[in-house]
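All chains are named by letter (A, B, ...) in the order of the sequence lines, taking the proteins before the strands, and each is independently numbered beginning at 1.
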Amino acid sequence: MSKIICVSDISTYAGQEVQIQGWVYNRTDKGKLCFLLVRDGTGFVQCVAFKGDLPEELFDQIMRIPQESSVIITGAVREDKRAPGIPGGYEVGIKDLKIVQAAEADYPMALKDHGVDFALDHRHLWLRMQSQWAILRVRATVMAATREWLDTNGFVEMSTPILTPAAAEGTTTLFETEYFDEGKAYLAQTGQLYNEANIFSFGKVYCFGPTFRAEKSKTRRHLTEFWMLEPEMAFCDLDGLMEIEEQMVTHIIQRVLRDRKPELVSLGRDLAKIESIKPPFPRISYDDAAKMLNDLYQKETDPEKKELLKFDWGIDFGAPHETAITQQFDKPVFVYGYPSAVKAFYMEPWPGRPEVCKSVDLLAPEGYGEICGGSERISDHNALLARIHKEGLPEEAFKWYLELRKYGSVPHSGFGMGVERVTAWLCGIEHIREAIPFPRTIKRVYP
RNA sequence: UCCUCGCUAGCUCAAUCGGCAGAGCGGGCGGCUGUUAACCGCUAGGUUCGAGGUUCAAGUCCUCGGCGAGGAGCCA
């Protein structure tokens, strides 16, 4: 009995007879020769059948095997530069093939691009395509690298609740559900407030899980359900926050480049654009970004683009603004010190400039925009209470949150990172819906 | 909520000014010993999103509706 191996390890089995358990991704028959491209979850490998080497009945069966059939293949591994696949360069000379299940002939996914509607309706099958496999492998590595960095840097993972009481910023953007006799509960849009409680016990914490937003955003950067990482640190100011974001993001990039290069190559990603990213990342203030945008506005000659770049101090960046800023840099850029009016109530005011707060967004290059958003939080009880009143928020709902500032309050900071946005950026794909296994958008909850 | 675009074979798309419903892929049959989304020959496959209207004639023009897309708004 030959050893069952993973395609990802195939290079270590050259010259040996092995077994591959997987699915027929593509078949090319050529007279007395038949090529099967087989995927096993860890990679894609070419398996070759020669008519002369096999019983006639078996060869005939291989020639007719439908796409997506599940198979167990026995054969000898050999190096061959012509062999496609991931990692590629090795192929299996078929000695035996057992069909676990012959797929029906009407498999709907062709090995080519599909329309968005069709692809999303068939997400359960689309996942099998090499491009989707590669993207989601990168995603898993982004998540693993994130945890790896945090866990080795003294952070403790805290699971914050997904079912939450009345919302921090009103209920219009939250999914609502019945909660027994307690009235309404809402799906969490952030674990931050809970992590602000957690830091007073654990120092440095993070939560990592799904986040829900009922906003009617319809863009390539938005999902209604997405995965967000939220670290929160005691005794950490805005500069310390940027330092941590920079180190963590750099680690994620290095780890993806180390472990997922073949996947990125298969996606056609220009590796040079991410290989060159090294700290430090540029840090510019909102004020400077505003000047930069006004300069770009002056220089722009296309009236349509010019209109999109129009910018007045005090407004939040739109997607065209973010794109324009990031195009000035070849690595991620921090923009800090946003106007308080466009940011959340809990952000620490800038010393001496109350109209600005100690917030920071990390914008990814190549037009991908915001991948992290964070801030130093207000640590003074009365200042926070004043902000809650000013925003017209229900003080009662924030009773516990305010109490954190009464017993050993410290400067503290945190940020949120969108996993799908980071994945989409590293993969170089157009839309973040491909960066999550089963995307939830305003128009889709199926499959 | 607004703006724009789209909907034709299982899939991706074409169809000129309103004038016979087409191709490639996929399926079926056949051929080929190195294919890379193979190639070559043959073949089957249609409620042109729906309803109404204009016309000798509508995939194409008009009205209404449906579904989807990506932009704006919104976005802890």
Euclidean distance for P, B:rG45 against B:rG10 (whole angstrom):
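The answer is 12 Å between these two P atoms.
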I'd like to know if [X] reaches the base of [N] with its side chain such that a donor and an acceptor end up less than 3.5 angstrom apart.
X	N	answer
A:Asp29	B:rC32	yes
A:Lys218	B:rA72	no
A:His222	B:rC75	yes
A:Lys112	B:rC11	yes

Can any side-chain N or O of A:Arg123 pair as donor or acceptor with the backbone N or O of A:Tyr446 at less than 3.5 Å?
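No.
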Check whether A:Ser69 reaches the backbone of A:Ala103 with its side chain - one donor and one acceptor, N or O, closer than 3.5 Å.
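Checking the backbone N and O of A:Ala103 against the side chain of A:Ser69, a donor-acceptor pair under 3.5 Å is found.
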Assess whether a salt bridge exists between A:Lys343 and A:Glu348, defined as any Lys/Arg side-chain N lying under 4.0 Å from an Asp/Glu carboxylate O.
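No.
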Given that A:Met347 and A:Asp80 both sit by RNA chain B, which one's nearest nucleotide is further toward the 5' end?
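Comparing both residues, the 5'-ward one is A:Asp80.
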Residue whose closest nucleotide on RNA chain B lies nearer the 5' end, A:Asn26 versus A:Leu120
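Residue closer to the 5' terminus by nearest nucleotide: A:Asn26.
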What is the distance from [atom1] of [X] to [atom2] of [N], rounded to the nearest Å?
X	N	atom1	atom2	value
A:Ile371	B:rC75	CD1	P	21 Å
A:Asp60	B:rC32	CG	P	13 Å
A:Phe59	B:rG31	CZ	C1'	13 Å
A:Leu111	B:rU35	CG	C1'	14 Å
A:Met417	B:rC75	CE	C1'	18 Å
A:Leu125	B:rC11	CG	C1'	13 Å
A:Asp121	B:rC67	CG	P	14 Å
A:Glu215	B:rU1	CD	C1'	15 Å

With a non-hydrogen cut-off below 4.0 angstrom, is A:Gly115 in contact with a base, only sugar-phosphate, or nothing?
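Touches sugar-phosphate only.
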With a non-hydrogen cut-off below 4.0 angstrom, is A:Glu91 in contact with a base, only sugar-phosphate, or nothing?
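Here A:Glu91 touches the bases of the nucleic acid.
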Output the single nucleotide from [options] whose closest atom is nearest the side chain of [X].
X	options	result
A:Ser217	B:rG73, B:rG68, B:rG30	B:rG73
A:Leu33	B:rA72, B:rC74, B:rU33	B:rU33
A:Phe226	B:rU35, B:rA72, B:rA76	B:rA76
A:Phe50	B:rU33, B:rA69, B:rA76	B:rU33
A:Phe118	B:rA76, B:rU35, B:rU12	B:rU12
A:Thr441	B:rU35, B:rC75, B:rA69	B:rA69

Whether [X] contacts [N] is assessed here as follows: a side-chain N or O lying under 4.0 Å from the phosphate OP1 or OP2. Is that the case?
X	N	answer
A:Arg64	B:rG30	yes
A:Arg27	B:rA37	no
A:His431	B:rG70	yes
A:Arg421	B:rC75	no
A:Lys30	B:rG34	yes

Taking the six-membered ring for Trp, are A:Phe155 and A:Trp149 parallel (under 30°), tilted (30 to 60°) or perpendicular (over 60°)?
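Tilted.
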Please verify the inter-ring angle class for A:Tyr338 with A:Tyr286; under 30° counts as parallel, over 60° as perpendicular, anything in between as tilted.
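Geometry flag for A:Tyr286 against A:Tyr338: tilted rings.
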Around A:Lys310, counting heavy atoms of other residues, nucleotides and ligands shown, do more than 12 lie under 6.0 Å from its NZ?
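For A:Lys310, atom NZ is not crowded (no more than 12 foreign heavy atoms under 6.0 Å).
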Is there a Watson-Crick or G-U wobble partner for [N] with both distances under 3.5 Å, and which nucleotide is it?
N	value
B:rU60	none
B:rC74	none
B:rG41	B:rC29
B:rC67	B:rG6
B:rU54	none
B:rA15	none

What do the steps show when you test A:Asp287 against A:Ser285 for side chain to side chain donor-acceptor pair (under 3.5 Å), and what is the final call?
CA-CA 5 Å; A:Asp287 296 338; A:Ser285 67; 4.7 Å; no
For A:His321 and A:Phe311, I'd like to know if the aromatic rings sit close, meaning centre-to-centre distance below 6.0 Å.
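Yes, ring centres under 6.0 Å apart.
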